[in-house]
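A short write-up of the structure that comes next.
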2 protein chains.
Amino acid sequence: MAGHGARGRSGGRPTLEEVAARAGVGRGTVSRVINGSPRVSDATRAAVEAAVAELGYVPNTAARALAANRTDAIALVVPEPETRFFAEPYFSDMLKGVGAELSDTEMQLLLIFAGSDRERQRLAQYLAAHRVDGVLLVSVHADDPLPDMLSQLEIPAVISGPRSAGETLTSVDSDNYGGARSAVEHLLARGRRRIAHITGRMDVYGARRRVDGYRDALLDEGLGVDEFLIEQGDFTEEGGRRAMSRLLEQAPDVDAVFAASDVTAAGARQVLREAGRRIPDDVALVGYDDSAIARHMDPPLTSVRQPIEEMGRAMIDLLLTDIADRRPAASRGLERRHAVLPTELVVRTSS
Amino acid sequence: MAGHGARGRSGGRPTLEEVAARAGVGRGTVSRVINGSPRVSDATRAAVEAAVAELGYVPNTAARALAANRTDAIALVVPEPETRFFAEPYFSDMLKGVGAELSDTEMQLLLIFAGSDRERQRLAQYLAAHRVDGVLLVSVHADDPLPDMLSQLEIPAVISGPRSAGETLTSVDSDNYGGARSAVEHLLARGRRRIAHITGRMDVYGARRRVDGYRDALLDEGLGVDEFLIEQGDFTEEGGRRAMSRLLEQAPDVDAVFAASDVTAAGARQVLREAGRRIPDDVALVGYDDSAIARHMDPPLTSVRQPIEEMGRAMIDLLLTDIADRRPAASRGLERRHAVLPTELVVRTSS
DNA sequence: ATCACCGATGGGAGCGCTCCCACGGTACCT
DNA sequence: AGGTACCGTGGGAGCGCTCCCATCGGTGAT
């Protein structure tokens with residue numbers, strides 16, 4: 001496939017120098033051709049390309065990295081144990097988008113797990129050695145020191161799911177606010193009036209935005225927000241169960257529930273069923289994530305889909321720009337960049 | 001975490017030279033300390049280590065790679081689309097073993113998918129550029145050109161699941177022969193005498209070994225091998241169904257089935273059930289892989305477990321040796337290395 | 001015609017490290 | 001005392017590339 005047979009006489013791989021000699025030009029010119037510089041005449045370029053093909057020349061990455069002070073590699077850092085990585089389709093979707101967007105690039109993607117302390121140690125060392133040009137951060141907890149470390153090292157980084165409205169890193173997010181709004185508006189349109197919300201972990205920015213969307217949707221409809229209809233969850237099934245129990249107690253007339261995740265909705269459904277409430281007849285239910293759970297729930301769950309794959313693509317786009325600019329977002333001052341991608345409400349029979 | 005604050009005066013990262021100056025020694029000595037050479041006095045070593053700590057020195061990988069002509073990276077090549085990678089626990093287990101064995105090494109693991117032609121193209125380019133010191137090959141098809149390419153490029157490689165008895169690459173495998181034997185011996189011990197075998201795809205070496213194990217177990221018991229009891233499958237459920245149908249026709253007195261995979265066993269079970277045969281009362285069933293399917297089948301399926309994680313570990317072991325020897329297995333002549341790891345029969349109620 | 005200018009090109013000077021040879025010193029042998 | 005051996009050490013010579021500056025003609029303006 002690569003390497004058309006003829007090699008440098010010494011048996012080793014051909015070098016720039018050898019290609020230059022073969023093409024009858026200087027080293028600099030070959031370098032320019034290889035790197036697609038426009039400052040080369042067409043004739044010369046053709047000659048060089050011929051020589052490259054004949055010798056089966058492939059640039060030496062290490063030499064290039066040393067001379068140019070870049071690695072042509074970026075890391076996707078997963079601060080979770082590998083198990084979760086394989087278990088959650090989130091990562092697989094994200095990886096698909098990232099891979100696709102990277103595929104017509106010279107950039108190499110490294111997958112780095114940093115679930116255990118030991119692994120985090122290694123990661124720190126790795127970043128300190130500047131072995132990547134940039135970093136993709138997914139599912140980062142609010143108090144994670146990783147983002148700061150990256151800023152300190154001046155390594156460009158893009159985070160999926162900003163930690164706050166004032167996120168210093170370049171970020172990509174789905175429209176949590178809009179997603180929540182669309183869910184609540186959908187329930188309103190179905191005639192529901194006592195719509196409850198089971199939140200996610202409130203230290204997660206996206207969860208807070210979903211609450212905002214919930215509130216605003218009700219307010220815009222002219223309905224007030226009944227605080228007894230808002231219960232805190234934590235994205236888990238158990239949290240959903242507990243929150244639903246409390247809701248049934250303090251607001252027995254609830255006729256719809258918008259949960260901050262599908263798993264939470266599953267927990268709520270369980271409690272509702274035990275309480276004899278039918279879904280969607282008595283209580284309509286909407287989840288978030290549009291995961292496999294949503295599709296397989298009984299009844300199938302209406303849910304807000306996030307464009308994970310597109311988010312992956314967007315992360316790469318932003319990161320490559322940051323890298324090209326050769327400066328991390330932190331030093332970019334006010335021109336920080338945040339992409340927000342639209343969500344989509346997938347309506348099923350639970351609402 | 002890394003980098004104790006003090007940096008080289010110039011603001012950039014400290015270099016070997018700077019560490020040497022600080023420690024009052026020569027460049028070569030620092031290099032020796034960094035690389036753990038024993039030819040350094042204890043006092044000198046201590047001084048250098050102090051300087052390294054003070055300056056927060058981290059070796060420049062690119063420079064090292066260029067000078068030493070190695071990359072300190074190995075690739076796990078998955079010749080499948082990413083989807084399958086995430087779907088099959090095989091890969092996740094393998095990765096766990098590989099990661100564990102690599103964790104006290106400086107080696108960096110790269111995960112490379114080569115499912116599409118485009119990806120394979122990139123991979124070829126990648127290998128031609130010698131961007132890794134070695135390659136781990138998993139789930140390679142018999143006619144894949146990848147192994148040859150690696151030999152040609154003289155890149156050390158270890159394959160899991162040799163392609164034939166004469167595999168030229170260093171290989172790791174589970175004991176397919178022994179696994180099959182143990183399954184059949186188990187059925188014999190349970191008093192079964194008309195034991196059928198649904199094979200895997202016969203172009204897969206491991207599948208052929210399983211047939212060998214099946215035959216020898218019967219022969220050693222003094223039973224002949226009835227060719228009507230051997231039916232070809234292809235590791236799939238559908239293949240299992242078809243094979244089982246044929247078996248019921250040509251050998252209606254069958255009282256046990258050893259299938260080359262759990263999925264195949266699932267297909268067979270279906271046909272058996274439709275034919276009114278009870279499992280295990282009328283026909284005992286044994287599968288291979290000990291996958292999730294086996295545990296959740298009705299009745300739970302006896303199956304042969306392969307030590308995937310250990311195989312991952314073994315692959316790394318062998319690969320690191322090959323790399324240290326700086327020569328691919330192909331040029332090693334007759335001292336090729338093949339590890340074969342034991343399987344384990346997990347007995348459940350299907351037999 | 002003259003001169004400033006610009007695009008195309010060649011090649012020196014490193015990038016930070018490893019490898020290896022040469023050096024001085026000490027210990028041990030004859 | 002002289003020789004041999006070996007250890008710990010310093011530092012030159014690259015590894016193959018990019019960056020950048022100097023150079024060389026050719027061009028259009030004056």
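Letters go in sequence order (proteins before strands), and every chain restarts at 1. Note: hydrogens, waters and symmetry copies are ignored here, and every other heavy atom, side chains too, is used.
For A:S160, the side-chain contact (heavy atoms from CB on, under 4.5 Å) criterion is met by A:Y90, A:M94, A:V138, A:M315, not counting sequence neighbours. In terms of the side-chain contact (heavy atoms from CB on, under 4.5 Å) criterion, residue partners of A:T83 (sequence neighbours excluded) are, by chain and number, A:P81. Applying the side-chain hydrogen bond (donor to acceptor under 3.5 Å, both in side chains) criterion to B:T15, with sequence neighbours excluded, gives no partner residue. Qualifying side-chain contact (heavy atoms from CB on, under 4.5 Å) partners for B:A47, counting only residues two or more places apart in sequence or in other chains: none. With sequence neighbours excluded, no residue forms a side-chain hydrogen bond (donor to acceptor under 3.5 Å, both in side chains) with A:D317. Remark: A:R84 engages A:E80, A:E88 in a side-chain hydrogen bond (donor to acceptor under 3.5 Å, both in side chains) (not counting sequence neighbours).
First and last contacting nucleotides of DNA chain C toward chain B (any atom under 4.0 angstrom from a heavy atom, 5' to 3' order): C:dG16 to C:dC20.
Residue A:V135 is tested with A:I74, A:L123, A:L150 for a side-chain contact (heavy atoms from CB on, under 4.5 Å); the sole match is A:L150.
The nearest pair of heavy atoms linking B:I112 to B:A75 is CD1-CB, 4.0 Å.
The side-chain hydrogen bond (donor to acceptor under 3.5 Å, both in side chains) analysis of residues 96-113 of chain B, with sequence neighbours excluded, yields the pairs A:Y126-B:Q108, B:E101-B:R313. For residues 24-35 of chain A, the salt bridge (charged side-chain N to carboxylate O under 4.0 Å, His left out) pairs, not counting sequence neighbours, are A:E17-A:R27.
Ring geometry, A:F86 versus B:F86: the interplanar angle falls from 30° to 60°, so the pair is classed tilted.
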Review item, nucleotides 25-27 of chain D N/O atoms under 3.5 Å of protein N/O:
none

Give every pair of a protein N or O atom and an N or O atom of nucleotides 4-9 of chain D that lie under 3.5 Å apart, one pair per line with the distance.
| from | atom 1 | to | atom 2 | distance (Å) |
| --- | --- | --- | --- | --- |
| D:dT9 | OP1 | B:S41 | OG | 3.0 |
| D:dT9 | OP1 | B:T44 | OG1 | 2.2 |
| D:dT9 | OP2 | B:S41 | N | 2.9 |

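Using a 4.0 Å heavy-atom criterion, one finds that B:R64 contacts the sugar-phosphate atoms exclusively.
Comparing the end axes of the helix from C:dA1-D:dT30 to C:dT30-D:dA1, each fitted to five base pairs by superposing C1' atoms of four pairs onto the next four, gives an inter-axis angle of 40° (nearest 10 degrees).
Ion pairing between a basic and an acidic side chain is recognised when a charged N comes within 4.0 Å of a carboxylate O; B:D144 and B:R163 show no such pairing.
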